Each structure stands twice: as C-alpha cells, then as structure tokens.
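Report on the following structure.
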Amino acid sequence: MNLFVYGTLMDPEIMRKVSGQKHTSKVATLDGFMRKKIKDEVFPAMIPQQGSRVAGLVYFNVPTESQRRLDQFEGAIYQKEEVLIFDDKNQPLRAQTYVLSEKYLNLLSEQDWDFDEFKLNNKHLFQKKYVDHI
C-alpha cells in the first residue's frame, strides 16, 4: 500500500519511529482537500475542500505491520481513505491517507499548518508528547 502523508509523518525520523522502519518516499500532492491545525495541538488534519490542494509525501509499499502501527498512532479522529495523488512528475498514483473523521470536525482550527514551521518550532514538543513513548 502507498501512503500519502501531509503532516508530522512527513518527517522521516518521526515516520521511522512510528511505523517501525524506513520507507521510500517522494513528494506528492492531493487535490480537493485542505490542511488545517487541530485546535490546541501542533499537528494537522485534512478535510475535503473543492479547489484546494495539499502538498505532502507518498511512502511506497508500506507493509502491513507498519500500517497497523500507523493506524494505532493516528487514532480514532482519523479515517483512512483511498485517494488519487500526483507525484513530482505529475503522474497519478493511488494511495491511502488519513482524513479527519466527520464527527471530529469541531477539532479543526482555522489556522493553516506549515511543515517548516512545525520542524522549527514544534517537532520537539510533538516528539516528547506523542512519539518518544513508542
């Protein structure tokens, strides 16, 4: 299974720790979705939004055990969906991704989420709270 990620899992160190192994990745985009911060958190969620686009990474051939670990890490607020993404050469690929479940839409803030800002200011906080205990 290919996995499209758009938040904290774009960081190879976090992805390796959470999934249990290193994965091959490539830059990718997903049309028809938007990414926002979760209220009072440093990580994002994604929801459908016509005319929007989300930049992220696609990890290729993620094995079953890594998928199980990732599903557990992402938790109940996300549901996994199959989507059509485009790689850095604009080639279409099928992938799974985590989308905010409709019943948790109230957790979504109005703030955009930025990966560079996360790495610079919040990665260490995120790792301490969510990753270091894995």
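No experiment lies behind these values; they were computed from the predicted model shown. This chain uses plain numbering: 1 for the first residue, then up along the sequence. All values below come from the heavy atoms of this structure, side chains included, with hydrogens, waters and symmetry mates left out.
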field: Flag side-chain contact, heavy atom, 4.5 Å: Lys129 against Glu41
entry: yes
message: Test side-chain contact (heavy atoms from CB on, under 4.5 Å) on Val83 and Gln96; report intermediate values, then the result.
response: CA-CA 6 Å; Val83 291; Gln96 297 282 314; over 6 Å; no
field: Side-chain donor/acceptor of Ser66 to backbone N/O of Val62, under 3.5 Å
entry: no
- prompt: Can you name the closest pair of heavy atoms from Ala45 and Tyr78 and give their distance?
  reply: CB-CE2, 3.9 Å
- prompt: Between Leu57 and Ser25, is a side-chain contact (heavy atoms from CB on, under 4.5 Å) present by the stated rule, with each step listed?
  reply: CA-CA 6 Å; Leu57 293 177; Ser25 67; 4.2 Å; yes
Salt-bridge criterion met for Arg35 and Asp112 (N-O under 4.0 Å): no
field: Main-chain N/O of Lys37 paired with Ser109 side-chain donor or acceptor, under 3.5 Å
entry: yes
- request: Determine which pairs satisfy ring pair (Phe, Tyr, Trp, His ring centres under 6.0 Å) with at least one residue from residues 26-48, sequence neighbours left out, and list them in order.
  value: Phe43-Tyr130
message: If you compare all heavy atoms of Phe86 against all heavy atoms of Leu84, which two are closest, and at what distance to 0.1 Å?
response: CZ-CD2, 4.2 Å
message: Taking transitive links into account, so neighbours of neighbours count too, which hydrophobic residues share a cluster with Leu125 at under 4.5 Å side-chain distance?
response: none
- prompt: When you look at Arg94 and Glu82, which way does the salt bridge (Lys or Arg N to Asp or Glu O under 4.0 Å) test go after all the steps?
  reply: CA-CA 7 Å; Arg94 290 257 169 228; Glu82 185 170 317; 3.6 Å; yes
- prompt: What is the minimum heavy-atom distance between Ile38 and Leu100, and which atoms define it?
  reply: CD1-CD1, 4.3 Å
message: Show, in sequence, the C-alpha distance, side-chain angles and deciding distance for Thr97 and Val99, and conclude whether the side-chain contact (heavy atoms from CB on, under 4.5 Å) test is met.
response: CA-CA 6 Å; Thr97 194; Val99 177; 3.9 Å; yes
statement: When rounded to the nearest 0.5 Å, the distance separating NZ of Lys119 from OG1 of Thr8 is 13.0 Å
task: Please identify each residue that fulfils side-chain contact (heavy atoms from CB on, under 4.5 Å) with Lys26, with sequence neighbours left out.
output: Val58, Phe60, Asp87, Asp88
Sub-4.5 Å side-chain heavy-atom contact between Asn2 and Tyr59: no
task: Check whether any side-chain heavy atom of Val54 lies under 4.5 Å from a side-chain heavy atom of Thr29, and answer yes or no.
output: no
message: Show every ring pair (Phe, Tyr, Trp, His ring centres under 6.0 Å) that has at least one partner inside residues 97-118, sequence neighbours left out.
response: Trp113-Phe118, Phe118-Phe126
field: Within residues 46-65 or reaching into it, pairs that qualify as salt bridge (Lys or Arg N to Asp or Glu O under 4.0 Å) - sequence neighbours excluded
entry: Asp31-Arg53, Glu65-Arg68
query: If we only count heavy atoms from C-beta on, is the Pro63 to Gln21 side-chain gap below 4.5 Å?
result: yes
- request: Would you name the heavy atoms of Asp114 and Asp116 that are closest together and state the gap between them?
  value: OD2-N, 3.2 Å
field: side-chain contact (heavy atoms from CB on, under 4.5 Å) partners of Glu13, counting only residues at least two apart
entry: Asp11, Arg16, Lys123, Gln127
statement: Closest heavy-atom pair, Asn121 versus His124, reported as atoms and distance to 0.1 Å, is O-CE1, 3.2 Å
- request: Please assess Glu102 against Ile47 for the test side-chain contact (heavy atoms from CB on, under 4.5 Å), listing each intermediate value before the final yes or no.
  value: CA-CA 9 Å; Glu102 205 169 290; Ile47 60 170; over 6 Å; no
query: Do you know which two heavy atoms are closest between Met34 and Lys36, and how far apart they sit?
result: SD-CE, 4.0 Å
message: Between Glu110 and Lys39 (salt bridge meaning N to carboxylate O under 4.0 Å), is one present in this structure?
response: no
message: Looking at Val18, is its backbone amide N or carbonyl O close enough to the side chain of Arg69 to form a donor-acceptor pair, meaning the two atoms are under 3.5 Å apart?
response: yes
message: To the nearest 0.5 Å, what is the distance between CG on Leu30 and OH on Tyr6?
response: 9.5 Å
query: Any sub-3.5 Å donor-acceptor pair from Lys80's side-chain atoms to Asp71's backbone N or O?
result: no
